[in-house]
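Heads up: the structure comes next, in structure tokens.
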Amino acid sequence: MPELPEVEVVRRGLARWVPGRGVESVEVLHPRAVRRHLPGAADFAARIAGRTLDEPRRRGKYLWLPFGEAAVLSHLGMSGQLLVGEAAAAPQRHLRVRFAFADGGVDLRFVDQRTFGHLMVCPLVPDPHGGEAGVPDVIAHLAADPFEPVFDDEAFVRAIRRRRTGVKRALLDQSLISGVGNIYADEALWRAGLHGERPTERLTAAQARLLLRSAREVMAEALEVGGTSFDSLYVNVNGESGYFVRSLNAYGRRDEPCGRCGTAILREVFMNRSSYSCPHCQPRPRHAR
DNA sequence: AAGGGGCCCTGATTGC
DNA sequence: TGCAATCAGGGCCCCT
């Protein structure tokens, strides 16, 4: 499941293959892949054809390829992939959108099994968080991610403590902090020794800082080894898996011993998804949220 | 108005 | 054996 580190791996891959190349044609093979591009698939393709793509950018889990004052914005959802490969290669089973370039070189493909991901063209607007580069209008309401220079640590600490919800819910809220998904939320909470259902309003400033530091550290370590791949659904632009699954301490480790204390990792269903935690290191609060 | 729940989607796995 | 139920979950939308 692509979260910040996985999307950054993809961005770095695209940065090697895409900038400065002119798009010759865009083929939309499944309308759902561009469902958020309201003028439709034909308009999506027409807006990109003939344009030259710029350096890829990212905020949280969103990735975009700017061209002038607009950009192709992507979210990979659960199973989306952006792949670079020989233009003559056979189409993948779940190929949704294909970009061909005027130079006849490697093409760019959006492949997505579960179709939670999408692509759209949207205008760039000034960054509300003060970054120098513009950001796609439809994601201007999202928080910056903790790898960005414009991310304000103390503003995050104040904001999360003002919330009235559980810590894990807050971590997954992209308007508070971008880029954290279910896997890295569980890993950050494990590192910080906090249960995901702890009320945010009872976090001390020190605990909120520790949680932020934990999230940053775990995502930086994942990025170094190419991200987390459970199966072939997350790969880099060349189709290769990342290795961070070997370093997970909580996520997916039901009944396995905690790396700190040896207690069996607990799996619980929370927010209609799995949450993994150590019942000893991350005790459930008396007043859970 | 912030918070929380339902829903979308397909393939692998599990259960009867 | 074969079919059906279950599970995976990010983010939009809607309701309170």
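All chains are named by letter (A, B, ...) in the order of the sequence lines, taking the proteins before the strands, and each is independently numbered beginning at 1. Hydrogens, waters and symmetry mates play no part in the numbers below; they use all other heavy atoms, side chains included.
A:K61 has a side-chain polar atom (N or O) that falls below the 4.0 Å cut-off from OP1 or OP2 of C:dG11. Close to B:dG4, at under 4.0 Å from its OP1 or OP2, lies a side-chain N or O of A:R169. Residue A:R267 has a polar side-chain atom (N or O) positioned under 4.0 Å from OP1 or OP2 of C:dA8. Close to C:dA8, at under 4.0 Å from its OP1 or OP2, lies no side-chain N or O of A:S79. A close approach under 4.0 Å does occur between a side-chain nitrogen or oxygen of A:Q174 and OP1 or OP2 of C:dG11. Between A:T165 and B:dG4 there is a side-chain polar atom (N or O) within less than 4.0 angstrom of OP1 or OP2. A:R163 has a side-chain polar atom (N or O) that falls below the 4.0 Å cut-off from OP1 or OP2 of B:dG3. Applying the 4.0 Å criterion to OP1 and OP2 of B:dG11, one finds that A:H94 has a side-chain N or O inside that range.
Rounded to whole Å, atom P of B:dA1 lies 18 Å from atom CG of A:L176. In this entry the distance linking CZ of A:R162 with C1' of B:dA2 reads 13 Å, nearest Å. If you measure from atom CZ of A:R164 to atom P of B:dA1, you get 17 Å, rounded to the nearest angstrom. Distance CE (A:M78) to P (C:dA8): 9 Å, rounded to an integer number of Å. A:L171 has its CG atom 16 Å from the P atom of C:dG9, to the nearest Å. Following rounding to the nearest Å, A:Q92 (CD) and B:dG11 (C1') show an atom-to-atom distance of 17 Å. Between the CD atom of A:Q113 and the P atom of C:dC7 there is a distance of 18 Å, rounded to whole Å.
Residue A:Y251 has its side chain nearest to C:dG9 when only B:dC8, C:dG9, B:dG11 are considered.
Across all strands shown, A:R93 has heavy atoms under 4.0 Å from sugar-phosphate atoms exclusively, and none from any base. Contacts of A:F270 with the nucleic acid, taken as non-hydrogen atoms under 4.0 Å apart, are absent.
A salt bridge links A:R58 with A:D145: at least one charged nitrogen is closer than 4.0 Å to a carboxylate oxygen. With respect to the salt-bridge test (charged N to carboxylate O, under 4.0 angstrom), the residues A:D127 and A:R57 do not qualify. A salt bridge is defined here as a Lys NZ or Arg NE, NH1 or NH2 lying under 4.0 Å from an Asp or Glu carboxylate O, and A:D43 with A:R47 meets this definition.
In this structure, the side chain of A:E187 engages the main chain of A:A250 through a donor-acceptor pair within 3.5 Å. In this structure a side-chain-to-backbone donor-acceptor pair under 3.5 Å is present from A:E3 to A:G181.
Between the side chain of A:R273 and the base of C:dG10, a donor-acceptor pair under 3.5 Å is found.
Taking the 5.5 Å centre cut-off and the 30° plane limit, the aromatic side chain of A:F116 is classed as stacked on C:dG9.
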